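This structure is a prediction, so every number in the text was calculated from the model and none was measured.
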Amino acid sequence: RGHTVPSFVKKYVDAILAKFRIRAPEGMTAVQNYVDCLNAVHPRVQFMIEYEEDSQIAFLDCHIKRLPNGRVSTTVYRKPSDTNLVMKPNSCQHPNNIIGTFKGFLCRAHRLCSTPQSLKEEIENLLNIWEDNGHNRVKLQQIAETYEPPPLPEENPEPRYNLRNTTIRQQQQQQQQ
């Protein structure tokens with residue numbers, strides 16, 4: 001009670017991204033007070049703070065940059081320890097697994113890159129990485145050019161595993177028979 005609370009919060013498992021609408025140096029004290037309040041809940045659950053540097057911060061595999069106009073841009077983040085190793089083309093994997101893995105990287109790029117330019121740069125980076133690992137760049141480029149990411153769950157007209165919708169659908173199918 002009486003603490004400044006974040007104006008924006010995103011959580012994923014044990015990672016939390018929070019935005020506070022306060023200025024330094026008094027803002028730093030308010031943020032620390034908030035974290036201290038969270039840390040007081042249970043001694044085995046402790047939070048650490050990571051502040052943005054140069055108006056940017058990494059959250060999970062997303063690099064977030066605050067722009068001068070107040071908006072944010074996002075791109076794919078790779079840790080400095082990333083080795084850029086992917087499945088080799090001569091590995092004991094079915095070719096569809098390799099293509100599916102490449103498409104997974106493309107999906108991540110489409111979902112995390114907030115501008116067409118950053119998406120183009122990320123796809124070029126992926127092509128370079130996969131080519132460096134021995135893959136055929138021309139085939140990868142064809143896949144990248146035709147790739148469409150699957151819709152996000154909110155974009156689906158109806159949830160896949162909704163018991164009520166499944167029951168309604170079954171009733172409609174029975175009526176049609």
Can you pull out every side-chain hydrogen bond (donor to acceptor under 3.5 Å, both in side chains) where at least one residue sits in residues 8-21? Sequence neighbours excluded, please.
S7-R21
Which pairs with one or both residues in residues 57-70 pass salt bridge (Lys or Arg N to Asp or Glu O under 4.0 Å), sequence neighbours excluded?
E52-R66, D61-R108
By side chain to side chain donor-acceptor pair (under 3.5 Å), T115 pairs with (sequence neighbours left out) S118
Tell me if a side-chain donor or acceptor on N133 pairs with a main-chain N or O of N84 at a distance below 3.5 Å.
yes
With the side chain counted from C-beta on, respond yes when N125 and E121 share a heavy-atom pair under 4.5 Å apart, and no when they do not.
no
Quick note, side-chain hydrogen bond (donor to acceptor under 3.5 Å, both in side chains) partners involving residues 35-50, not counting sequence neighbours, are Q32-D36
Using a side-chain heavy atom cutoff under 4.5 Å and only I, L, V, M, F, W and Y, what cluster partners does V41 have?
none
Do the ring centers of F102 and H135 come within less than 6.0 Å of each other?
no
Using a 4.5 Å cut-off on heavy atoms from C-beta on, say whether the side chain of T101 contacts that of W130.
yes
Should we count CG of N96 as having more than 12 external heavy atoms under 6.0 Å?
yes
Mind checking whether P6 and F20 have side chains closer than 4.5 Å, heavy atoms only?
yes
Taking side chain to side chain donor-acceptor pair (under 3.5 Å) as the test, write out the residues that go with K120, two or more places apart.
none
Can you confirm whether I98 sits close enough to S91 that some side-chain heavy atom of one is under 4.5 Å from a side-chain heavy atom of the other?
yes
Between the side chain of T74 and the main-chain N/O of L112, is any donor-acceptor distance below 3.5 Å?
yes
Any side-chain to backbone donor/acceptor pair from N69 onto R71? Under 3.5 Å, distance only.
yes
